[in-house]
Amino acid sequence: MNVTLANDDPFGNNFRVTDNNAGGTVVFNGYIQAHGEVSISIRKNDAGYGNITTYQDSNPGIGRSFLHDGERISL
């Protein structure tokens with residue numbers, strides 16, 4: 001499944017995203033410019049949902065569950 005990461009901040013940030021349905025595999029690790037978006041592919045679970053954890057700069061991770069294909073995730 002594909003989801004879109006959207007940096008809604010007025011400045012760029014470094015992000016790391018792990019796919020919880022793929023054993024915590026890092027699926028994105030990079031910079032997203034201000035108001036920028038990046039599409040990523042993640043694995044869906046048996047119920048058909050994506051589950052990721054997003055990390056911004058040095059902040060602790062935020063779990064995001066029950067994601068649908070094509071969903072836009074505001075970071």
Considering only residues two or more places apart or on different chains, which pairs with a residue in residues 61-75 satisfy side-chain hydrogen bond (donor to acceptor under 3.5 Å, both in side chains)? Asp8-Arg72, Asp8-Ser74, Glu37-Arg72, Asn51-Ser65, Thr54-Arg64

With the side chain counted from C-beta on, respond yes when Val27 and Thr18 share a heavy-atom pair under 4.5 Å apart, and no when they do not. no

Is there side-chain contact between Asn13 and Leu75, with at least one heavy-atom pair below 4.5 Å? no

Suppose we screen for side-chain hydrogen bond (donor to acceptor under 3.5 Å, both in side chains). Which residues come up paired with Thr4, at least two apart in sequence or across chains? none

Which atom of Asn21 lies closest to which atom of Tyr49, heavy atoms considered: ND2-O, 3.0 Å

Between atom CD1 of Ile62 and atom CD1 of Ile73, what is the distance when rounded to the nearest 0.5 Å? 11.5 Å

If two hydrophobic side chains count as joined below 4.5 Å and joins carry through other members, does Ile32 share a cluster with Tyr55? no

Measure the shortest side-chain to side-chain distance between Asp19 and Val26 over non-hydrogen atoms and say whether it is less than 4.5 angstrom. no

Dump the intermediate steps for side-chain contact (heavy atoms from CB on, under 4.5 Å) on Asn20 and Asn45, then the final yes or no. CA-CA 9 Å; Asn20 300 332; Asn45 62 18; over 6 Å; no

More than 12 heavy atoms of other groups within 6.0 Å of Tyr31 OH: yes

Within-4.5 Å side-chain heavy-atom neighbours: Asn2 and Ile40: no

Student check: side-chain heavy atoms of Val38 and Phe28 closer than 4.5 Å: yes

Do any N or O atoms from the side chain of Asn7 and from the backbone of Asp9 form a donor-acceptor pair under 3.5 angstrom? yes

